Amino acid sequence: MPCRWTRELLILTLREIAFERGENVTFREFQDAAGVSAGPVTSKCGGWAKLRAAAGLPPQRYSSWKKITDHELLCELHRLTQELKHLPSYEEIDAHGKFGACTYRRRFGRKIDLKRAFRDYLLKCPLREPKHFKEAERTESD
């Protein structure tokens, strides 16, 4: 039976993982160790930063992270699209991608804006596949 995540269970789980891995545990590490998707973290706690605060952890040290460029994000989205043979959902990005869906949401905003950016990337990309371009164009009305 699948786990029903509550706010309290998420907080407790994060505290346990932080105890094992250190207080600067990343969201991806937490997801992998706990087996939780971004959905419950957002709906039950208001997001990763708020979950960290509720668990008594200091704010994430973003300055130590490498800045990911738009090109890197879109190149990875292109790789996923080729692998999955369709534009991935946010759940598929989280499950199979190098970067989390929250990174794409923060950078590009709404799903339609991500699709526009991906379409523009494909127009400039010498390796683009027409099928994926047409799919990005077709789903823009979503």
Side-chain angles (χ1 to χ4, degrees), residues 1-125 127-129 131-142:
M1 183 167 161
C3 179
R4 298 224 182 250
W5 291 102
T6 63
R7 183 176 193 279
E8 293 74 23
L9 184 55
L10 287 165
I11 292 168
L12 179 63
T13 303
L14 176 55
R15 285 180 181 154
E16 290 172 357
I17 293 169
F19 180 77
E20 294 169 3
R21 297 180 184 217
E23 66 181 21
N24 206 35
V25 61
T26 67
F27 184 52
R28 176 67 75 178
E29 290 172 331
F30 172 70
Q31 285 181 294
D32 291 345
V36 64
S37 67
V41 173
T42 302
S43 66
K44 305 292 183 186
C45 301
W48 176 237
K50 290 182 180 179
L51 174 57
R52 287 182 62 82
L57 297 175
Q60 194 79 48
R61 293 188 305 250
Y62 293 107
S63 61
S64 66
W65 292 4
K66 176 183 164 246
K67 172 83 168 144
I68 302 164
T69 66
D70 287 357
H71 178 76
E72 288 174 296
L73 288 170
L74 294 169
C75 188
E76 173 63 6
L77 186 61
H78 186 237
R79 184 195 68 77
L80 281 174
T81 301
Q82 289 179 317
E83 179 182 306
L84 300 173
K85 308 289 189 242
H86 64 269
L87 287 170
S89 66
Y90 281 137
E91 291 78 20
E92 290 171 321
I93 288 172
D94 276 334
H96 305 288
K98 180 178 174 184
F99 309 111
C102 60
T103 303
Y104 287 92
R105 283 189 196 102
R106 264 194 315 271
R107 186 69 55 88
F108 299 104
R110 301 172 305 157
K111 183 81 178 219
I112 192 168
D113 297 323
L114 173 59
K115 290 175 183 178
R116 283 186 188 129
F118 185 55
R119 183 194 63 212
D120 293 344
Y121 166 81
L122 290 175
L123 285 170
K124 296 174 188 170
C125 178
L127 302 175
R128 72 179 161 91
E129 294 186 15
K131 179 176 83 174
H132 299 140
F133 172 71
K134 290 192 184 306
E135 186 175 346
E137 205 172 49
R138 184 181 73 245
T139 59
E140 187 164 313
S141 61
D142 293 349

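Heavy atoms only: backbone and side chains are in, while hydrogens, waters and symmetry mates are out. Numbers for residues simply follow the sequence, beginning at 1. The structure displayed is predicted, hence computed values, not measured ones.
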Would you name the heavy atoms of [X] and [Y] that are closest together and state the gap between them?
X	Y	value
Tyr90	Gly109	OH-O, 3.8 Å
Val25	Arg21	CG2-CD, 4.4 Å
Ile17	Ala33	CD1-CB, 3.6 Å

Roughly how far, to the nearest 0.5 Å, is the [atom2] atom of [Y] from the [atom1] atom of [X]?
X	Y	atom1	atom2	result
Arg116	Leu114	CZ	CG	11.0 Å
Lys44	Arg4	NZ	CZ	9.0 Å
Trp48	Gln31	CH2	CD	8.5 Å
Phe27	Leu14	CZ	CG	10.0 Å
His78	Glu83	NE2	CD	12.5 Å
Leu74	Arg119	CG	CZ	12.5 Å

Given 3.5 Å as the limit, does a donor-acceptor pair link the side chain of [X] with the main chain of [Y], or not?
X	Y	answer
Arg52	Glu23	yes
Glu92	Ser89	yes
Arg7	Ala54	no

Could you give me the CA-CA distance, side-chain angles and deciding distance for Lys111 and Lys115, then say whether side-chain contact (heavy atoms from CB on, under 4.5 Å) is met? CA-CA 6 Å; Lys111 183 81 178 219; Lys115 290 175 183 178; 3.7 Å; yes

Chi angles and distances behind the side-chain contact (heavy atoms from CB on, under 4.5 Å) call for Thr103, Arg106: CA-CA 5 Å; Thr103 303; Arg106 264 194 315 271; 3.6 Å; yes

What I'd like to find out is whether the side chain of [X] reaches to under 4.5 Å of the side chain of [Y], using heavy atoms alone.
X	Y	result
Phe99	Arg28	no
Val36	Thr13	no
Tyr121	Leu77	no
Phe108	Asp70	yes

